[in-house]
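Beneath this line is the structure, given in structure tokens, with notes to follow.
When a ligand or atom number is given, it counts from 1 through the structure's own listing order. Note that these values count all heavy atoms, side chains included, but never hydrogens, waters or copies made by symmetry. Computed from a prediction, not measured in an experiment: that's the story for all the values here.
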Amino acid sequence: MLRFGGDYNPEQWPEEVWAEDMRLMAEAGVNMATIAVFSWSRLEPAEGAHDFGWLDRVMDLLHAHGIDADLATATATPPPWLVRRHPEMMPVNADGVRLEFGSRQGYCPSSPVYRAHAVRLARTIALRYREHPALKMWHIGNEYADHTLECFCDVSAAHFRAWLEHRYTTVDGLNAAWGTSCWGQHYTGFDQVEPPRTAPGPVNPSQLLDWRRFCSDALLELFEAEKAALREVTPGLPVTTNFMSILHGLDYWKWSAAEDLVTDDAYPDPADPSSHVAIALSYDLMRSLKRQPWLLLESAPSAVSWRAVNAPKPPGMMLLHSLQALAHGSDGVMFFQWRQARYGPEKFHSALLPHGGTDTRTWRETLQLGQALTALAEVAGSYEQAEVALVLDWDSWWGLEAPESMPSDRLKLKELLLDWYAPLHARGIGVDLVPPGRDLTGYRLVIAPNLYLCTQETATWLSTAPGQVVVGPFSGVVDPADQVHQGGAPGPLRELLGVTVEEFWPLHDEVRQETGLGAARTWTEWLRLHDAEPVALYQGGELDGRPAVTRRGRATYVGCRLDDTTPLLLDLLVRAGVEPMELPQGVEAVRRAGYLFLLNHTAIPQRLALTSSGTDLLTRTPMHGHAELPPRGAVVLRVEGNQ
Ligand code: GAL
């Protein structure tokens, strides 16, 4: 079964409305609702005094209409009574300002008060609904790190110190790792160490890197604490928390290991004609996290309400974007939210059932989507590994994007990933994301767009790739403490790549440096080859005649940021034996096991040749030879021989 539904906030409506909600959910084919995400103050209006009556009735109604509950632990916004009694649980920013109640996620991740109350509430909810037949999944918190990623209060400082003591054992271990001999920061006790609050100048980057690790871990501890309470009461029920696509703040490899099902919230900007590419990358990450189908838990039926200008989705885009999530491995499509709010900061955010009611374009598209999901039910559960892998490592990302101490602040990991992902995506080539250390069997091409932080183990692992390997610029620069590998970059990757970087040579935004494989921008390097062949040489400028791209056996090093990686990539695909597809611009082709999704992201009709024949599941018509795609239209082919 494919999941269809969304966030349902019945507590924002009089109960008379609920009957209509149920009738319309049933009409649309909704089969799952996410409930009670922000309901703490309604479920526990005073400490220990619970009001579950309304939620009991909602759970019963959902079940009576065949709708399953993704039931939240309601801990995403602690209630005012708790905050007033314990103002110290509100987060403090880097400037020392304590934030106020009045929005959501108002908690310090390290607050023992918040944690104890959150765990208690999670357990209470679990005990109440453990036997309820509507309960199918637990939803802990909500979008961790959305508003509150970090807190700089004294409680957080103590938590950080404990985390550091666990990591380094002695303060001299910390001094050595953080290089505190620089700028006179030598500590003589852990009690002198603070979080990286706003300081007179740049903060120690090794300290910042540990802070990023700590902040991700501190929130994960919260998730784990609630999960432990749920597990005790309902050991067999899946537990999730909704991710936020590719998020800098949380190490999703670590987080997903703690989840039963990966779920994601995705809000591509309908006004950006290329937003479907970046979102495809994040969907591929979601599928790769546990190497299994995942679930799109939130998306927008039309406009969001949190951009400066919130463009609606034009007709057909809700279905198209939903099919895109399925293509990349989601086992359903859920939305924020079911009924459009009449008050609050999200009253202009679109919903499946808009302010205008059922005689609206959005509602008609909601019905159409429900029908499409029914037609596509057989796709659920299917999964296959891709032929190409992109390496993504949060430690390295955090190190790369440390403020104020790099040769250039222009290298952004998401952009570097997209430099490679976009041309692969444009050719219908499936891509998995992999963390260092994952089994690379079956990958014909492994690309590490950047591994600024790289250990010897990671370098050894990369050299086990069975096919072609590509490493992007500014890789192998530092160790896990952000200390520079001696002998020059790419440090532990020197053996694999056969090159040494003598000097980083970043470029100003407007500068282009010709390479013979197209222009480089943002970044170039002065390379010395000791056991590699030049593949492309710089032409003109200070680096004239020096190697820009090199190869040693199966390993290619790209010492610059290429404006367009396509020419190099096409050669690598041939070497790797990966077959690109020919697709019109803006048409996406995605294989999901025995299914081929063809998605027209343009506003004009498209026609393309088909190499496989089969049945279009949306129209139940056989197709061979070619496919006609209407504007923003799609075909989901069950490929012959895979029925
Ligand atoms: C998400 C959040 C939802 C809602 C939505 C609006 O970030 O989880 O509660 O705010 O955005 O787009």
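Salt bridge absent: E401 and R410 never bring a charged side-chain N and a carboxylate O closer than 4.0 Å.
For the pair R339 and W13, the cation-pi criterion (under 6.0 Å, within 45° of the ring axis) is fulfilled.
You'll find the ring centres of W138 and Y129 outside the 6.0 Å limit.
Protein residues having a heavy atom under 4.0 Å from any atom of ligand 1 are F38, R104, N142, E143, D146, D265, Y267, E298, W306, F336, E346, H349, listed by chain and number.
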Legend entry - W306 vs Y267, ring pair (Phe, Tyr, Trp, His ring centres under 6.0 Å): CA-CA, chis, key distance, verdict: CA-CA 10 Å; W306 39 263; Y267 292 98; 5.7 Å; yes
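A tilted orientation is assigned to the rings of W40 and Y114, their planes being inclined by 30° to 60°.
Between A341 and E346 the shortest heavy-atom distance is CB-O, 4.1 Å.
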